[in-house]
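To start, the structure under review is shown below, and the notes come after it.
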Amino acid sequence: MSQHSVTRYPVSLQINGERYDVDVAPDTSLLDVLRDEFGLTGTKANCLEAECGVCTVLLDGKAVNACITLALQCQGRQILTIEGLAHGGELHPLQTAFIECGAVQCGYCIPGMILTAKSLLDTQPDPDEAAIREGLAGTLCRCTGYQKIVDAVAHAARQMNQQQSQIKTTTTGDRQ
Amino acid sequence: MSVQGFHIPQDVAETVALAARLGSEAYFIAGGTDLVIQMRRGRRKPGHLISLQALDGLKQIESGAGLVSLGALVTHKQIETAFAADPVLYGLVESAQVVGGNQVRHAGTIGGNICNASPAADLLPQLLTLDAEVVLTGGNGPRQAKLADFLLGPGRTTRSADELLTHIRFRRPAGKAATAFLKAGRRRAMEISVISVAACIGLSPDGRLEDVRLAVGAAAPMAYRAHDAEILLQGHKPDEDRLSRAGILAASAAVPISDVRASAEHRRRLVAALLPRAIRQCLLRIEKAAQ
């Protein structure tokens, strides 16, 4: 959307826990900044109209479409992209579950799908199948027919809840 | 022409002063879920964007003393969450949760949904049944208006370019009351409404329809209250025959379009079929809440 003569504004973005400074035009999207300025191409570009969800990132923990979020609206906010999901080389349970369940075909929607799922599980740790389908409705997959994706999210939810209860048991055990 | 300026005012007074200074080529931007798409399509060409992101005071839902106040920057997701366990206002949850996907509902605001004034805006019918009022602040200070009077037609409201919608308020229905919202689309998710209906029903102790407020969306240039249907039901027991006659009355007030989503005739039939269903849903909710 931007042209050369346009005023650019400085913005400081917290992406995957690191600070990135950049000057952007008023109508530059977060998606364009992630991909073109910082090379974070795990966030995909497709419809550019908030219909398909492949550009989903977490903004302050909530899934949003980076294609219709302006970079300047993200000043001082926390952005999580797919590149920031694994910790110390260890995959997030959602990533592991997608692999184990064979939920990935062409893969193009998967970064957005996983972050959409993370946003869902962060607020609803134990969703039933209908809740998972509803939660993922904003992100489209044109390969899989969704069944294995839904299976993967349910699997990840079980894994994460198990880990959570193990942590609780351990801490309770320590206190006794 | 591309956007020349991006402004982040820190309070409502500064926002309104900026809007007055920059004139009609300045646009307020909140979630941006509609505006950014329109800009990319070249349909809207703001010279300046006034971002409302720092106006934290407009991001709250306040509910007390029978009055509910929603800041204009409250997101659809906030509405879904705030009233999730509230049978009286559950229709607002149903209205908010059919908008886009979670990504859009995390960003899109009630103020944007209202000021866009789309005939198919999903929050409008239920807000109309709640007799909601809008509060705006402009150069001359704040003013209030009934939502029904504020909405003029597709994309048109009585808001002037330098006025900011700050709050949406309504009185919480008292007594044995409930709300319900139903939407027909071609598919169940990510779909613009073909038709939507909303009901707000209050029952008398002897089971008569004491307070009947009904509204229809996507069936006319603007969402409307089905006053004839309300009058037909007011004071009566909710028997099936009367409910379906109310549906037909509400449908006869529709002036739907035929488009790629549905024919005008199909839309009228949907109004007649869905409105009684929304009322029955309210009755069910009242019954459940009493148990």
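Just so it is clear: chains get the letters A, B, ... in the order the sequence lines come, proteins before strands, and each one is counted from 1.
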Atom [atom1] in [X], atom [atom2] in [Y]: separation rounded to 0.5 Å?
X      : Y      : atom1 : atom2 : result
Q73(A) : I29(B) : CD    : CD1   : 4.0 Å
T33(B) : I68(A) : OG1   : CD1   : 5.5 Å
K62(A) : K77(B) : NZ    : NZ    : 10.0 Å
E49(A) : D34(B) : CD    : CG    : 10.0 Å

Taking V3(B) as the fixed residue, which of D27(A), L72(A), T28(A), T7(A) is the one that meets the side-chain contact (heavy atoms from CB on, under 4.5 Å) rule?
D27(A)
Give, as side chain, backbone, both or neither, the part of I8(B) having an atom under 4.5 angstrom from any heavy atom of chain A.
side chain
So what's closer than 4.5 Å to chain A heavy atoms on S51(B): side chain, backbone, both or neither?
side chain
Assess whether atom CZ of R41(B) is packed by more than 12 heavy atoms of other residues, nucleotides or ligands within 6.0 Å.
yes
Tell me whether K59(B) at atom NZ has more than 12 heavy atoms from other residues, nucleotides or ligands lying less than 6.0 Å away.
yes
Passes side chain to side chain contact (heavy atoms under 4.5 Å, CB included), L70(A) versus F6(B)? Steps please.
CA-CA 10 Å; L70(A) 299 181; F6(B) 191 92; 4.0 Å; yes
Measure across P26(A) and L49(B) and return the closest heavy-atom pair with its distance rounded to 0.1 Å.
O-CD1, 4.2 Å
Quick check: closest heavy atoms across Y9(A) and G5(B), and the distance to 0.1 Å?
OH-CA, 3.1 Å
Need one label for T69(A): side chain, backbone, both or neither, based on atoms under 4.5 Å from any heavy atom in chain B.
neither
Relative to chain B, which segment of S119(A) carries a heavy atom at a distance below 4.5 Å: side chain, backbone, both, or neither?
side chain
Side chains of [X] and [Y]: does their closest heavy-atom pair fall under 4.5 Å?
X       : Y       : value
L59(A)  : H106(B) : no
N102(B) : T139(A) : no
C74(A)  : Q53(B)  : no

